Amino acid sequence: MKSKPTDFHVVEPGQPNPQGWTIPPINDLRSAIDYLKTFPGEYIETDREVDPKAQLAGVYRHIGAGGTVMRPTRIGPAMTFNALKGYPGSRVLVGLMASRRRVSRLLGAPERELALQMGEARKNVTPPVTVAAKDAPCQEVVHRAEDPDFDLRKLLPAPTNTPDDAGPFFCLGLVLGSDPDDRDNVDVTIHRLCVQGGDELSIFFAPGRHIDAFRKKAEKEGKPLAVSINMGLDPAIPIGACFEAPTTPFGFDELCVAGGLRGRPVELVECVTVAQKAIARAEIVIEGEILPDVRVAEDQNTGTGWAMPEFPGYVGPANPKLPVIKVRAVTTRKDPILQTLVGPGEEHVSLAGIPTEASIYNACADALPGLVRNVYAHSAGGGKFLAVLQVAKTKAADDGNTRQAALIALAVYRELKNVILVDEDVDLFDTNDVLWAMQTRFSGDLDTTFVPGVAGHVLDPSQTPEYDPRVATKGTTTKTIFDCTVPFKLKEHFVRAQFEDVDPRPYAPELFEEDR
C-alpha cells in the first residue's frame with residue numbers, strides 16, 4: 001500500500017490543527033532548539049570539553065538520561081556539548097526527546113494526548129515533497145569519500161556510550177532506503193550504525209525491518225542498496241518513523257506521519273553521490289550503499305565482544321556478521337549539530353513508546369469503540385515491552401472485551417511482552433497508582449493470562465533458549481496479561497475515597513507556576 005497525498009491539510013506554524021492541538025513553529029532541529037529555549041529548564045549547553053568516548057554519555061546519564069539506565073539517573077533537560085575532545089568546532093546534542101513533557105512541547109499535544117496525536121497523524125498522512133538542491137540546507141557543505149583526506153572517524157564525533165562499546169555509534173541515524181526496483185517504495189528506520197573505518201559503517205537490522213527486505217532483494221541481484229543516513233532532524237520525523245508493522249505495512253512511507261504531525265510535508269532532496277533522497281533540512285547526511293555479500297564483525301576494531309547499551313538496559317553482544325555501508329559522501333549544514341541518544345535512556349522510550357501507544361489505541365478504538373481510554377508504553381519496558389491500557393467498562397461483556405483489548409495490543413505490536421489493564425479511575429501514567437490497582441484489584445491465579453511461545457524481541461536477554469529451554473530461538477517468549485480491573489458486577493464495591501475538589505493554587509501558588 002503506497003501512501004497517497006490524501007487528507008492533505010496545511011497548518012500554519014503556531015496555529016491549532018483540526019483536533020485543536022497548537023502545532024509549534026518547528027521545521028528542523030535548529031528551530032526545535034530555539035523553541036525549547038523559550039521554556040525554562042528544557043535545554044542547556046556546556047562549553048566544557050568532553051570526550052565523546054564514553055564520557056559524554058557518562059555525563060548525561062546524571063543530567064537527563066532516565067529510562068532503563070542504571071541508577072543514579074533522572075529525567076532532565078536536553079543538552080548540547082559545544083567542545084568535543086579531538087573535534088574542534090563540533091557540537092553534539094543529546095536528550096532532545098528524553099522527557100514526555102518535552103515531546104509534548106515539541107509536537108503540540110498535551111502529554112496525556114500524545115498517543116491520540118500520533119494516531120491522528122497516522123490516519124491523516126501528508127506525503128513528502130522533493131525540493132531543489134539550492135533549497136536544501138543539508139548540502140551546504142559536501143565532503144566526498146573520493147577526497148584524499150576524507151575520514152568519517154575524524155569528520156564526525158560519533159560517541160560511544162560505554163568503554164566496552166564495539167566502537168563509535170551513530171545512535172540517531174534515520175536510514176532512508178527504497179525498493180531497488182521501485183524508488184517510490186520507501187522506508188525510513190533508525191538502526192544501530194557502528195563506525196568501522198574511514199568510509200565504512202556496519203548496520204544492524206532487527207528481524208522484520210523493511211529496509212532489510214530491500215537490502216536482501218538487492219543482494220540477491222548482486223547489487224548494492226543506496227541509502228541516506230539522516231541526522232539532526234525535526235523531532236516529528238524520527239518519532240513518526242518509529243511506527244512498525246502492521247500499523248505501517250510494507251510499502252508505507254513513515255515520513256508521511258511526520259507530515260501529518262506538522263500539517264505540512266517533509267522536504268527531501270536528491271543525494272549528491274547515490275541514487276537516493278535525503279531529508280533536506282537535516283544537520284548531517286551520510287550517503288552510501290549497503291554492499292552485497294559483505295559482512296564484518298561489529299567489534300572487529302575493539303574485540304570487546306559487546307555492541308552498545310540497548311533499550312532494555314543491558315549491553316548487547318556484538319554481532320559477528322553485519323552488512324556494511326560503503327560511505328560515498330557526507331553532506332552537512334554549516335556548523336552542523338550531531339544528534340545522539342543514550343541507548344537505554346528515556347529518549348528511546350519516547351521514540352518507540354509513543355508510536356506504540358498510538359498503534360494500540362487506534363487498533364482498539366476500531367475493534368472495541370469507547371472501551372480503551374488511553375495507552376501508556378511504560379519506561380520500564382523501554383517503550384516496547386510493557387503497555388498499560390486504561391479501560392472504561394460499561395457492561396458485563398466488557399470483562400471479556402478488556403482482555404480482548406490486551407490481545408489486540410499484543411497482536412498489533414509484536415515486540416510488546418506484558419500488558420497491564422487498569423480502570424478509568426487509575427492514572428496509567430503514575431506507576432504507584434498502577435501498582436496500587438495490582439494490589440487491590442488483582443489475584444494472581446485468577447487475573448493472569450499467559451500466551452506462550454510468541455515472537456518478541458531479540459534484545460531481551462530473557463528471550464533465549466538458555467533462559468527458557470522451551471523456546472527454540474532467540475526472541476521468543478511468554479507474553480502476559482495482568483488484568484487489574486474490577487469485575488463489572490463489583491464496580492460499586494471498589495469506589496475510591498472521594499475528596500472535595502478544591503483549587504489548591506491560591507494556597508501554594510509557587511507549586512503551580514507551570515500551570516499558568
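Fair warning: this is a prediction, and the values are worked out from it, not measured in the lab.
- For the pair D299 (side chain) and G305 (backbone), a donor-acceptor distance under 3.5 Å is present.
- Note that SG of C364 and CD1 of I408 are 5.0 Å apart. Values are rounded to the nearest 0.5 Å.
- F170 meets the ring pair (Phe, Tyr, Trp, His ring centres under 6.0 Å) test with no other residue; sequence neighbours excluded.
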Practice item. Could you walk me through whether D425 and R441 pass salt bridge (Lys or Arg N to Asp or Glu O under 4.0 Å), step by step? Key: CA-CA 12 Å; D425 63 346; R441 301 176 175 183; 2.9 Å; yes

Exercise for review: Run the numbers on I190 and C242 for side chain to side chain contact (heavy atoms under 4.5 Å, CB included), then give the verdict.
Suggested key: CA-CA 8 Å; I190 298 171; C242 287; 4.1 Å; yes

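- Aromatic ring pairs are classed by plane angle as parallel below 30°, tilted from 30° to 60° and perpendicular above 60°; the pair F214 and F250 is tilted.
- The closest side-chain heavy-atom distance from I481 to T448 is not below 4.5 Å.
- With respect to K479 and E415, no salt bridge is recorded, no charged nitrogen being found less than 4.0 Å from a carboxylate O.
- Legend: residues meeting side chain to side chain contact (heavy atoms under 4.5 Å, CB included) with P128, ordered by chain and number and at least two apart, are D253, L255, C256, V266, L268.
- With hydrogens and angles left out, the side-chain atoms of S31 and D34 include no donor and acceptor closer than 3.5 Å.
- Annotation: side chain to side chain contact (heavy atoms under 4.5 Å, CB included) contacts of T248 (sequence neighbours excluded): R122, F243, F252, E254.
- Every residue two or more places apart in sequence or in another chain that forms a side chain to side chain contact (heavy atoms under 4.5 Å, CB included) with T80 is listed here: Y43, E45, N82, R91, L93.
- Between D234 and R262 there is a salt bridge, since a side-chain N of the basic residue sits under 4.0 Å from a carboxylate O of the acidic one.
- Residue pairs meeting the salt bridge (charged side-chain N to carboxylate O under 4.0 Å, His left out) criterion with at least one member in residues 391-407, sequence neighbours excluded, are K393-D399, K395-D398, R403-D447, R403-D483.
- H191 pairs by the side chain to side chain donor-acceptor pair (under 3.5 Å) definition with nothing, not counting sequence neighbours.
- Identified under the ring-ring contact (aromatic ring centres under 6.0 Å, His included) test for residues 388-431, with sequence neighbours left out: Y376-F429.
- Judged purely by atom type and a 3.5 angstrom limit, N230 uses its side chain to pair as donor or acceptor with the backbone of I279.
- Checking side-chain atoms of R192 against main-chain N and O of I203 turns up no donor-acceptor pair under 3.5 Å.
- The side-chain heavy atoms of V175 and T189, taken from C-beta on, include no pair separated by under 4.5 Å.
- L29 places none of its side-chain heavy atoms less than 4.5 Å from the side chain of L233.
- Heavy atoms of other residues, nucleotides or ligands lying less than 6.0 angstrom from OH of Y314 number 12 at most.
- Identified under the salt bridge (charged side-chain N to carboxylate O under 4.0 Å, His left out) test for residues 340-365, with sequence neighbours left out: R100-E357.
- Residues P24 and L106 are not in side-chain contact: their nearest non-hydrogen atoms beyond the backbone lie 4.5 Å or more apart.
- Counting heavy atoms from C-beta on, the side chains of R101 and E111 come closer than 4.5 Å.
- Between E298 and K321 there is no salt bridge, since none of the side-chain N atoms of the basic residue sits less than 4.0 Å from a carboxylate O of the acidic one.
- Contact of the L116 side chain with the Y361 side chain is registered, since non-hydrogen atoms from C-beta on lie closer than 4.5 Å.
- Counting heavy-atom neighbours within 6.0 Å of Y467 OH, excluding the residue itself, gives a total of 12 or less.
- Note that the OG1 atom of T402 and the CG atom of L368 stand 8.5 Å from one another [nearest 0.5 Å].
- For H457 and F311, the ring centers are positioned less than 6.0 Å apart.
- For D433 and T431, the side-chain atoms include no donor-acceptor pair closer than 3.5 Å.
- In this structure, R102 contributes its side chain and G95 its backbone to a donor-acceptor pair below 3.5 Å.
- Rounding to the nearest 0.5 angstrom, the gap separating the CG atom in D187 from the NE2 atom in H210 is 6.0 Å.
- Evaluation of the side chain to side chain donor-acceptor pair (under 3.5 Å) rule for D430 yields no partner, not counting sequence neighbours.
- Residues V103 and L114 form a side-chain contact, since some pair of their non-hydrogen atoms from C-beta on lies under 4.5 Å apart.
- Between the N161 side chain and the G343 main chain, a donor and an acceptor come within less than 3.5 Å of each other.
- Between E42 and R105, at least one side-chain nitrogen of the basic residue sits less than 4.0 Å from a carboxylate oxygen of the acidic one, meeting the salt-bridge criterion.
- S202 is linked by a side chain to side chain donor-acceptor pair (under 3.5 Å) to Q196, counting only residues two or more places apart in sequence or in another chain.
- Ionic pairing of D468 and R470 is present here: one or more N-O contacts between side-chain nitrogen and carboxylate oxygen are shorter than 4.0 angstrom.
- Ion pair K216/D212 flagged as a salt bridge, since at least one NZ, NE, NH1 or NH2 atom sits closer than 4.0 Å to an Asp/Glu carboxylate oxygen.
- Panel note: side chain S443, backbone L446; no donor-acceptor pair is recorded below 3.5 Å.
- Remark: F204 pairs with no residue by the ring pair (Phe, Tyr, Trp, His ring centres under 6.0 Å) rule, at least two apart or across chains.
- Applying the side chain to side chain contact (heavy atoms under 4.5 Å, CB included) criterion to V69, with sequence neighbours excluded, gives R61, A65, T73, V342, P344.
- Between R373 and E424 there is no salt bridge, since no side-chain N of the basic residue sits under 4.0 Å from a carboxylate O of the acidic one.
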Exercise for review: Before giving the answer on side chain to side chain contact (heavy atoms under 4.5 Å, CB included), spell out for T247 and N362 the whole-Å C-alpha distance, their side-chain angles and the decisive distance to 0.1 Å.
Suggested key: CA-CA 9 Å; T247 303; N362 279 1; 5.8 Å; no

Practice item. Kindly indicate, with the supporting measurements, whether the criterion side chain to side chain contact (heavy atoms under 4.5 Å, CB included) is fulfilled by L389 and V419. Key: CA-CA 7 Å; L389 274 61; V419 177; 3.9 Å; yes

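- Looking only at atom types and distance, the side chain of T356 has no donor-acceptor partner in the side chain of S359 under 3.5 Å away.
- Looking only at distances, no side-chain donor or acceptor of Q463 sits under 3.5 Å from a matching main-chain atom of L459.
- Taking the side chain as every heavy atom from C-beta outward, V349 and T68 never approach each other to under 4.5 Å.
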